[in-house]
Peer 1: 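Attaching a single structure in structure tokens format; questions to follow.
Chain identifiers are assigned alphabetically (A, B, ...) following the order of the sequence lines, protein sequences preceding nucleic acid strands; residue numbering begins at 1 within each chain.
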Amino acid sequence: MGVITKTVRAGLLATVCGVSLLAVSAPGAYATGMPQLDFANPLVTGQVMWGAIIFFIFYLVLSKAMLPGVARVLHDRSQRITGDLDVARSAKQDADKAVAELQQARKDAMAEAQAHLQKVLDEEHRAAEQQMQEINARLASEIAEAEKNVAAEKARALSALKEIAADTTQALVQRLTGVVPDAQLVARNVESASAQRSI
Amino acid sequence: MAGGSSINVLEQFELHPVLGGLGEALRFSQSPLYMIAAVCLVLAFLYFGMRPAAVVPGRLQAAAEVCYEFIHNMAVDTIGPEGAAFFPFIFTLFFFILAGNYIGLLPFSFTFTSHIAVTFAMAFMVFLLTVVVSLKVQGLRFFAHFMPDGASPFLAPLLIPIEILSFLSRPVSLSIRLFANMVAGHVMFDIFASFVIMLAGFGVVGDVFAIGPIAINVALMALELLVGVLQAYVFAILTCIYLREAVAH
């Protein structure tokens, strides 16, 4: 409002200056008075009548035709903008939903893959263990078998050893003494000697 | 004045009948002619501006829309929600005055807003409208406004006449403000222009010094462009303020 009052004041000041300048420079003009105040002139009052008619027509054209047209354009624009915004918002919601679904699917797939992997690993683990056990069992049975064979071979070898020892002793004694020793005595001595060496 | 021939600065405000005898009989001077020109200018601006009715406006359409929204915001912000009903009236008033002020700035043209009869008629129309709206909205409570709330009853004999006087002086101040501004501006133009002619009578020295008044007139034209829109704005905003008081419960 400060600017306005200042301008009004400036305008009034200008009028005063103008009128005083007028009084100095053109006394004749001042004496005749302002044409605006010559209300005896029918043209001055005629302005009011014509002005009223023109103003009224101006008002009618503006309020009935022009301004509703502008309002319609502005309204259409704001509606279109809100419509576009709604579309964009719903598109964004859809996109967000799709992203969430994708993430969920990925998470599910990952969990499933993990579970699957675990299951496969467990199975493999179990199978390997079983195989190991089988192998161990087979190896154990084979070892037992082999040990048994070894023991049998050993027993056989040992029994043959005594025979060989007795034959050798007999042959040695015969060679040394020229006497054939009693076979039973040799067998007994070999027996006791082998028992002494725990063969 | 220069060359002995008198330059009458008030001559520019004189009214002449147009179309000879017909104009004289119908009291049709150049003033209503310029009113019609102003109205046609505004309507053409709005018509050609809004004709594309584009979603993305061009320059002219954007200008027309700015005009619409400027007055619409002024009416609704100042008067309140009821302002939408008065918006076409405020728009008409503002652009009638603005176009009148600006058309008057063209050389050899006429400024109808420099006639007190025109400005007072418009101010009185606003005054009547506010009184009618006040009586319609507030009924007899309207008259209670002449006694300010909370004032001592002893002051009533003093306050009530002052309030009535200030209310009645509204159309006077409204009309004289516009009229005086327009007259002052155009008188100043004429005076400085007459100085140029006066100085031209003094030969070469005068020709050189005549640059001064011409420069002043150029500056005055800028000032008058500001005053023209400002006075239209003042007239419209004061009308809005009066109407706000009228529709206030």
Side-chain angles (χ1 to χ4, degrees), chain A residues 1 3-5 7-8 10-19 21-22 25-30 32-39 41-74 76-77 80-81, chain B residues 1 6-11 13-17 24 26-29 31-32 35-36 39 42-43 46-47 50 53-55 57 61 64-65 68-69 87-89 91-92 95-96 112 114-118 121-122 125 177 179-181 183-185 187-188 191 194 226-227 230-231 233-234 237:
Chain A
M1 255 352 224
V3 179
I4 293 162
T5 38
T7 317
V8 169
L12 289 174
L13 195 69
T15 318
V16 171
C17 289
V19 168
L21 260 169
L22 226 61
S25 61
Y30 190 60
T32 54
M34 298 176 93
Q36 292 99 315
L37 299 178
D38 180 17
F39 293 111
N41 184 354
L43 290 176
V44 172
T45 43
Q47 283 183 109
V48 176
M49 179 188 75
W50 282 110
I53 294 167
I54 294 163
F55 190 90
F56 185 64
I57 291 170
F58 189 35
Y59 174 77
L60 278 186
V61 174
L62 281 177
S63 62
K64 298 288 174 210
M66 290 296 177
L67 297 179
V70 182
R72 200 165 44 240
V73 169
L74 292 178
D76 285 355
R77 176 177 310 143
R80 183 156 168 188
I81 288 171
Chain B
M1 287 215 169
S6 159
I7 293 173
N8 188 343
V9 292
L10 291 175
E11 202 183 301
F13 302 117
E14 276 172 14
L15 295 166
H16 306 287
E24 201 145 12
L26 293 173
R27 298 182 172 193
F28 195 89
S29 56
S31 174
M35 288 179 194
I36 292 170
V39 165
V42 175
L43 290 178
L46 283 178
Y47 177 74
M50 295 314 292
V55 174
Q61 191 186 336
E65 284 173 10
Y68 178 95
E69 282 180 332
F87 160 65
F89 176 69
F91 192 94
T92 312
F95 279 97
F96 190 68
F112 59 81
S114 68
H115 267 255
I116 185 75
V118 176
M122 285 192 293
M125 172 176 66
R177 185 181 299 115
F179 156 73
N181 269 285
V183 169
V187 166
M188 298 276 269
I191 287 171
S194 71
L226 176 70
V227 168
L230 208 57
Q231 287 308 315
Y233 180 73
V234 167
I237 194 88

Peer 1: B/Glu24 versus chain A, heavy atoms under 4.5 Å apart: side chain, backbone, both or neither?
Peer 2: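 The answer is neither part of B/Glu24.
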Peer 1: Using modelled atom types only, decide if a donor and an acceptor are shared between the side chain of A/Trp50 and the backbone of B/Leu26 within a distance under 3.5 Å.
Peer 2: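 Yes.
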Peer 1: Would you say A/Phe55 and B/Met125 make side-chain contact, with heavy atoms under 4.5 Å?
Peer 2: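 In short, these two side chains touch, coming nearer than 4.5 Å.
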Peer 1: Below 4.5 Å from any heavy atom of chain B, which atoms of A/Leu67 appear? Answer side chain, backbone, both or neither.
Peer 2: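 Contact with chain B is through both the backbone and side chain of A/Leu67.
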Peer 1: With a 4.5 angstrom heavy-atom cut-off, which part of B/Tyr47 approaches chain A: side chain, backbone, both or neither?
Peer 2: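 The answer is both parts of B/Tyr47.
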Peer 1: A/Phe39 versus chain B, heavy atoms under 4.5 Å apart: side chain, backbone, both or neither?
Peer 2: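 Just the side chain, heavy atoms under 4.5 Å.
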Peer 1: Taking side chain as everything from C-beta outward and backbone as N, CA, C, O, which of these in A/Ala52 sits under 4.5 Å from a heavy atom of chain B? Side chain, backbone, both or neither.
Peer 2: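 Nothing of A/Ala52, per the 4.5 Å heavy-atom cut-off to chain B.
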Peer 1: Okay, side chain of A/Gln36, backbone of B/Ser114: is any donor-acceptor separation there less than 3.5 Å?
Peer 2: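 It does hold such a pair.
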Peer 1: Is chain A contacted by the side chain of B/Tyr68, its backbone, both, or neither, given a heavy-atom distance below 4.5 Å?
Peer 2: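 B/Tyr68 touches chain A through side-chain heavy atoms alone.
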Peer 1: I need the residue from B/Pro88, B/Ala64, B/Ala121 with the largest number of non-hydrogen atom pairs under 4.5 Å to chain A.
Peer 2: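 Highest number of heavy-atom pairs under 4.5 Å: B/Pro88.
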Peer 1: Identify which part of A/Ile57 has an atom lying under 4.5 Å from any heavy atom of chain B, answering side chain, backbone, both or neither.
Peer 2: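 Contact with chain B: none, neither part.
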Peer 1: If we only count heavy atoms from C-beta on, is the B/Val187 to B/Phe13 side-chain gap below 4.5 Å?
Peer 2: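 With C-beta onward as the side chain, the pair touches.
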Peer 1: Do B/Gln61 and A/Val73 make a side-chain contact, defined as non-hydrogen atoms from C-beta onward lying under 4.5 Å apart?
Peer 2: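 Heavy-atom side-chain distance check passes, below 4.5 Å.
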Peer 1: Run the side-chain hydrogen bond (donor to acceptor under 3.5 Å, both in side chains) test against A/Arg77 and tell me which residues pass, sequence neighbours left out.
Peer 2: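 Applying side-chain hydrogen bond (donor to acceptor under 3.5 Å, both in side chains) to A/Arg77 gives B/Glu65.
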